[in-house]
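Predicted, not measured: the structure shown is a model, and the values here were computed from it.
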Amino acid sequence: MDITQRLELFFRRLAGAPPAASAEEALQLVCRLMEEVEEEFCPLPKRTPAPKKFTGRMYPPQADRIYPTPGGAIEADTRRHQIYCAPDGRIAIFRKGSTTPVLNKPGRR
C-alpha cells in the first residue's frame, strides 16, 4: 500500500475512533493509530529514532515537534501536517499552509 493510501486509511480510522476526552488523549490516539497503520501496511521497517529525512514511512509527531499551549491544547507538527488537539479532545489536522482542516474530529462531551 502506498503512502497516500495509508494516510487515507489513517484518517478514516481516526475519524471512526471513539472521541478523546482531553488533548493528551487525542494526541495519544493520533500517534497510536498512525503506528498501527504503518505497522500493518508500510513495507518499510520502523526506525528508532525516527529519521530526520523522509524515507517513505509515516511517523507520529516527535517529542521536539509537540507544543503544549497555555490554554491546555497541544499542537504538533509533522512533515506535511499540523495537528491541533483541543482540551476537550477535539482533533483538527491541517495540511501545512492551509486553514481548511483535512480532518476535524469532535472530542467527547
Side-chain angles (χ1 to χ4, degrees):
M1 186 177 285
D2 72 27
I3 191 165
T4 303
Q5 294 168 315
R6 295 192 319 269
L7 184 60
E8 288 174 13
L9 179 59
F10 162 73
F11 285 137
R12 282 196 311 271
R13 285 187 180 183
L14 185 55
S22 68
E24 294 81 11
E25 194 178 309
L27 184 60
Q28 289 173 358
L29 178 63
V30 167
C31 294
R32 179 177 59 81
L33 290 177
M34 182 166 290
E35 291 280 4
E36 286 177 6
V37 167
E38 289 303 85
E39 282 302 308
E40 218 174 315
F41 297 103
C42 183
L44 302 170
K46 179 180 178 180
R47 291 175 41 192
T48 304
K52 297 287 182 193
K53 297 210 179 234
F54 180 64
T55 63
R57 183 183 179 99
M58 295 186 295
Y59 289 87
Q62 301 301 294
D64 63 342
R65 307 295 291 163
I66 297 172
Y67 313 101
T69 69
I74 298 173
E75 296 178 358
D77 290 327
T78 63
R79 186 168 80 81
R80 299 237 173 162
H81 294 89
Q82 293 174 307
I83 302 166
Y84 175 80
C85 300
D88 70 351
R90 181 174 65 86
I91 301 169
I93 301 179
F94 303 85
R95 282 194 61 84
K96 285 193 174 171
S98 174
T99 58
T100 304
V102 293
L103 181 128
N104 196 3
K105 178 179 182 61
R108 191 176 317 146
R109 294 179 206 226

Which atom names give the shortest non-hydrogen contact between [X] and [Y], and what distance separates them?
X	Y	result
E25	A21	OE2-N, 3.3 Å
G72	A23	O-CB, 3.4 Å
A76	I66	CB-CG1, 4.1 Å
P61	C31	CD-SG, 3.9 Å
N104	A92	OD1-CB, 4.1 Å
A26	G89	CB-O, 3.6 Å

Is any side-chain heavy atom of [X] less than 4.5 Å from a side-chain heavy atom of [Y]?
X	Y	value
M34	V37	no
M58	T78	no
H81	L7	yes
E40	M1	no

Notebook entry, point to check: Do the side chains of F10 and I91 join up, straight or via other hydrophobic residues, at under 4.5 Å, putting them in one cluster?
Noted result: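 Cluster IDs for F10 and I91 match.
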What about F41 and V30, same hydrophobic cluster or not, with Ile/Leu/Val/Met/Phe/Trp/Tyr joined at side-chain heavy-atom distances under 4.5 Å?
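In one cluster: yes.
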Is it true that a side-chain atom of [X] and a backbone atom of [Y] form a donor plus acceptor pair closer than 3.5 Å?
X	Y	value
K105	G16	no
Q5	D2	yes
Y59	P51	no

- Item | Other residues, nucleotides, ligands: >12 heavy atoms within 6.0 Å of R32 CZ |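 Above 12, so yes.
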If you count the non-hydrogen atoms of other residues, nucleotides and ligands that lie under 6.0 Å from NZ in K96, is the total more than 12?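 Enclosed: over 12 neighbouring heavy atoms sit under 6.0 Å from NZ of K96.
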Could you grab the distance from atom [atom1] of [X] to atom [atom2] of [Y], nearest 0.5 Å is fine?
X	Y	atom1	atom2	result
Q82	I93	CD	CD1	11.5 Å
E75	Y67	CD	OH	9.5 Å
L29	L14	CG	CG	5.5 Å
E38	R6	CD	CZ	4.0 Å
R65	I83	CZ	CD1	11.0 Å
F11	L33	CZ	CG	11.5 Å

Could you give me the CA-CA distance, side-chain angles and deciding distance for R47 and R57, then say whether side chain to side chain contact (heavy atoms under 4.5 Å, CB included) is met? CA-CA 9 Å; R47 291 175 41 192; R57 183 183 179 99; over 6 Å; no
